[in-house]
Engineer: 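Sharing a structure, written as structure tokens. Questions coming.
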Amino acid sequence: MKPVGPIPEGFQTLDAELAVSGQKASTLVAMAGRTPLFAYSRSMISDRVASLREAMPERLRINYAIKANSFPPLLEHVASLVDGLDIASGGELEIVRAAGVSGERMSFAGPGKRDEELEAAISAGVTLNLESENEAHRALAIGEKLGIPPRLAIRVNPDFELKGSGMKMGGGPKPFGVDAERVPALAREIVAGNCEWRGLHIFTGSQALDAGAVIEAQANTLDLAHRITRKAGLELPKLNMGGGFGIPYFHGDTPLDIGRVGSALADRLESLPETLARAELYIELGRYIVGEAGVYLTRIVDRKQSHGETYLITDGGLHHQLAASGNFGTVVRRNYPLAIASRFGAEPHEVANVVGCLCTPLDRLADKAHLPRAEVGDIVAVFCAGAYGASASPSAFLGHGPAAEILV
Ligand SMILES: *Cc1c(COP(=O)(O)O)cnc(C)c1O
């Protein structure tokens, strides 16, 4: 038997079924018209942002990184709660604009921005988080051609990283950002050009559950921003301090203590050096805002035995939930939180493997999980599906097509 991850708080049990925002799994399936589907809870997202604001210093602004989940109704809801949106492609720019958000509320990071993407972003007034000197020169030239001074910030490749981070994106050679020691010179150069200087972006990693690690990374980020700004001899209008707040996916994971993170940050903000005193301060979060508010529902189509093990075969799989299958940046596969949604709260009765319908051994949703006995027609819920589910899975693989999505 292998444990499954912890089921996030905020779901209900109604008539022995899992419920999201007070709607039973069977009702959600009827609303969507089919399985598999992602159901996202509007109120869980609102509550999450409210508790973040409560924990963080008032001065801190919050951006949402839309690559976590860009389902339009969810995006519109999140946009109404946060201060800004982080995009990472021209396609995401289109998605956010379609949600009615203006370019001034967006910043655009990501290596390899094409000229067309730079042009669209500059025209819309989006802040570019520059990933290289070359990109800086292209942005200035495009701004010149358009007659619009681009809004430019520099993404720094920091000389440290967020410890215990699920995905390391800072420290050492990286395709992201400009190495810290070269940033002052580039900052002076672009400020001397025709642009609106928007400061620095320092992202140090993702999926941290240890408050101490986040506190240390934030302190290092503020120090680095201070050193760069002093060396460049400039004002710092804005600092995007990155994010990295994680959520518990696996057995034994415990939630990040945001109260501790917030009070440590408040202490630091009390005594900021002059270089940072007037900067707008942002954090940028994806999974922390939406990850736990989503559940993936998939129906059991077959139940079979093989060499003494039970297999529950569903109509979903890694084409929608790549991360839960263990194939999205994980070294050792562990079970996501999972339950039989149509027998929610029933006593576990057997050990079963839950798999998807793709013809590949990679397509596993739970290995040897202790579950109530489930039959063909029952609905399986995979939790922590609000981030990097639909947006980060190969939905064209094997031709089953994308899952339905609803916000309730
Ligand atoms: C992906 C990403 C984020 C969001 O990461 P989460 O782990 O979902 O919070 C934030 N900022 C940048 C630059 C990113 O690339």
Side-chain angles (χ1 to χ4, degrees), residues 2-8 36-38 40 64-71 74 86-89 91-92 109-111 161-162 164-170 174-176 203-209 242-253 256 284-298 314 316-338 353-367 369 380-398 400-403 405:
K2 294 186 179 173
V4 297
I7 293 176
L37 79 128
F38 288 93
Y40 311 117
Y64 172 60
I66 84 151
K67 76 176 191 288
N69 189 330
S70 56
F71 177 53
L74 175 141
D86 284 313
I87 56 170
S89 71
E92 288 192 344
E161 62 193 7
L162 175 56
S165 170
M167 233 173 254
K168 301 208 185 324
M169 293 177 80
K174 288 286 170 327
F176 311 108
F203 181 76
T204 58
S206 266
Q207 182 47 25
L209 293 174
F245 295 15
I247 59 172
Y249 286 103
F250 305 117
H251 176 71
D253 282 357
L256 175 67
E284 49 174 3
L285 302 172
R287 77 187 74 227
Y288 190 81
I289 293 177
V290 296
E292 291 182 309
V295 60
Y296 176 64
L297 299 176
T298 175
T314 67
L318 73 74
H319 53 311
H320 305 144
Q321 257 298 13
L322 187 65
S325 76
N327 294 293
F328 191 56
T330 11
V331 182
V332 180
R333 191 197 174 285
R334 288 181 291 166
N335 290 329
Y336 262 42
L338 174 142
N353 298 300
V354 185
V355 300
C357 56
L358 302 191
C359 204
T360 158
L362 300 177
D363 194 10
R364 290 139 70 189
L365 295 175
D367 289 339
V380 170
V382 184
F383 296 88
C384 294
Y388 306 110
S391 73
S393 301
S395 66
F397 188 38
L398 273 155
H400 292 282
E405 294 179 273

Engineer: Give a yes or no on whether the backbone of G246 and the side-chain of R287 come within a donor-acceptor separation of less than 3.5 Å.
Structural biologist: no

Engineer: Parallel, tilted or perpendicular: which fits the ring planes of H400 and H319, with parallel below 30° and perpendicular above 60°?
Structural biologist: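 Judged by the thresholds at 30° and 60°, the geometry between H400 and H319 is tilted.
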
Engineer: Calculate, to the nearest 0.5 Å, the distance between atoms CG and CG belonging to L358 and L398 respectively.
Structural biologist: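 These two atoms lie 5.0 Å from each other.
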
Engineer: With sequence neighbours excluded, tell me which residues meet side-chain hydrogen bond (donor to acceptor under 3.5 Å, both in side chains) with S393.
Structural biologist: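 Per chain and number, S393 pairs via side-chain hydrogen bond (donor to acceptor under 3.5 Å, both in side chains) with no residue.
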
Engineer: Are the side chain of Y296 and the backbone N or O of G317 linked by a donor-acceptor pair below 3.5 Å?
Structural biologist: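 Yes; judged by distance alone, with no hydrogens or angles, the pair exists.
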
Engineer: What heavy-atom pair brings V295 and A381 nearest, and what distance separates the two atoms?
Structural biologist: CG2-CB, 3.6 Å

Engineer: Quick one: does H251's side chain have a donor or acceptor within less than 3.5 Å of a partner on P3's backbone?
Structural biologist: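 Pair absent, no side-chain N/O of H251 close to backbone of P3.
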
Engineer: Look at the aromatic rings of F250 and Y336 and report parallel, tilted or perpendicular, splitting at 30° and 60°.
Structural biologist: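 The arrangement is perpendicular - the two ring planes meet at more than 60°.
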
Engineer: Y288: which residues meet the side-chain hydrogen bond (donor to acceptor under 3.5 Å, both in side chains) condition with it, sequence neighbours left out?
Structural biologist: none

Engineer: State, yes or no, whether a side-chain contact exists between I87 and K67 at a heavy-atom distance under 4.5 Å.
Structural biologist: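 No, side chains not in contact.
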
Engineer: Measure across G401 and H320 and return the closest heavy-atom pair with its distance rounded to 0.1 Å.
Structural biologist: O-NE2, 2.9 Å

Engineer: With V355, which residues qualify under side chain to side chain contact (heavy atoms under 4.5 Å, CB included), at least two apart?
Structural biologist: Y311, I313, R364

Engineer: Hey, can you pull the donor-acceptor pairs under 3.5 Å for the side chains in residues 383-390, sequence neighbours left out?
Structural biologist:
none

Engineer: Got a donor-acceptor contact below 3.5 angstrom from the T298 side chain to the G316 backbone?
Structural biologist: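 Judged by distance alone, yes, a pair lies under 3.5 Å.
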
Engineer: Where do N327 and L362 come nearest, in terms of heavy atoms and distance?
Structural biologist: ND2-O, 3.3 Å

Engineer: For P111, what residues pass the side chain to side chain contact (heavy atoms under 4.5 Å, CB included) criterion, not counting sequence neighbours?
Structural biologist: E131, F176

Engineer: Starting at CD1 of I289, measure out to CD1 of I66 and round the result to the nearest 0.5 Å.
Structural biologist: 12.5 Å

Engineer: Side chains of N335 and R333: does their closest heavy-atom pair fall under 4.5 Å?
Structural biologist: yes

Engineer: Please report the closest heavy-atom contact between E92 and D86, naming both atoms and the distance.
Structural biologist: OE1-O, 4.3 Å

Engineer: Can you name the residues that form a ring-ring contact (aromatic ring centres under 6.0 Å, His included) with Y64, not counting sequence neighbours?
Structural biologist: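 By the ring-ring contact (aromatic ring centres under 6.0 Å, His included) rule, Y64 matches no residue at all.
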
Engineer: Please name all residues satisfying salt bridge (Lys or Arg N to Asp or Glu O under 4.0 Å) with D363, sequence neighbours left out, ordered by chain then number.
Structural biologist: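 With sequence neighbours excluded, D363 shows a salt bridge (Lys or Arg N to Asp or Glu O under 4.0 Å) to no residue whatsoever.
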
Engineer: Any side-chain heavy-atom pair from P394 and L322 closer than 4.5 angstrom?
Structural biologist: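 Yes, close enough: below the 4.5 Å cut-off.
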
Engineer: Over all heavy atoms of both residues, which pair between S325 and L318 is shortest? Give the atoms and the distance, please.
Structural biologist: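 For S325 and L318, the tightest heavy-atom pair comes out as OG-CB, 3.5 Å.
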
Engineer: Can you list the residues that meet the side-chain hydrogen bond (donor to acceptor under 3.5 Å, both in side chains) rule with E405, with sequence neighbours excluded?
Structural biologist: Y40

Engineer: Name all residues meeting the salt bridge (Lys or Arg N to Asp or Glu O under 4.0 Å) criterion together with R334; count only those two or more places apart in sequence or in a different chain, and write none if there are none.
Structural biologist: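 Counting only residues at least two positions away or on another chain, R334 forms no salt bridge (Lys or Arg N to Asp or Glu O under 4.0 Å).
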
Engineer: Just jot down the ring-ring contact (aromatic ring centres under 6.0 Å, His included) partners of F397, sequence neighbours excluded, or say none.
Structural biologist: none

Engineer: Listing request: all salt bridge (charged side-chain N to carboxylate O under 4.0 Å, His left out) pairs with a residue in residues 317-331, at least two apart in sequence or in separate chains.
Structural biologist: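 Non-adjacent pairs meeting salt bridge (charged side-chain N to carboxylate O under 4.0 Å, His left out): zero.
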
Engineer: For A68, is there any backbone N or O sitting under 3.5 Å from a side-chain donor or acceptor partner on S391?
Structural biologist: yes

Engineer: Work out which heavy atom in C357 is nearest to a heavy atom in T314; give both atom names and the distance.
Structural biologist: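 For C357 versus T314, the nearest heavy atoms are CB-O, 3.2 Å.
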
Engineer: Excluding sequence neighbours, so at least two apart, what forms salt bridge (Lys or Arg N to Asp or Glu O under 4.0 Å) with E284?
Structural biologist: none

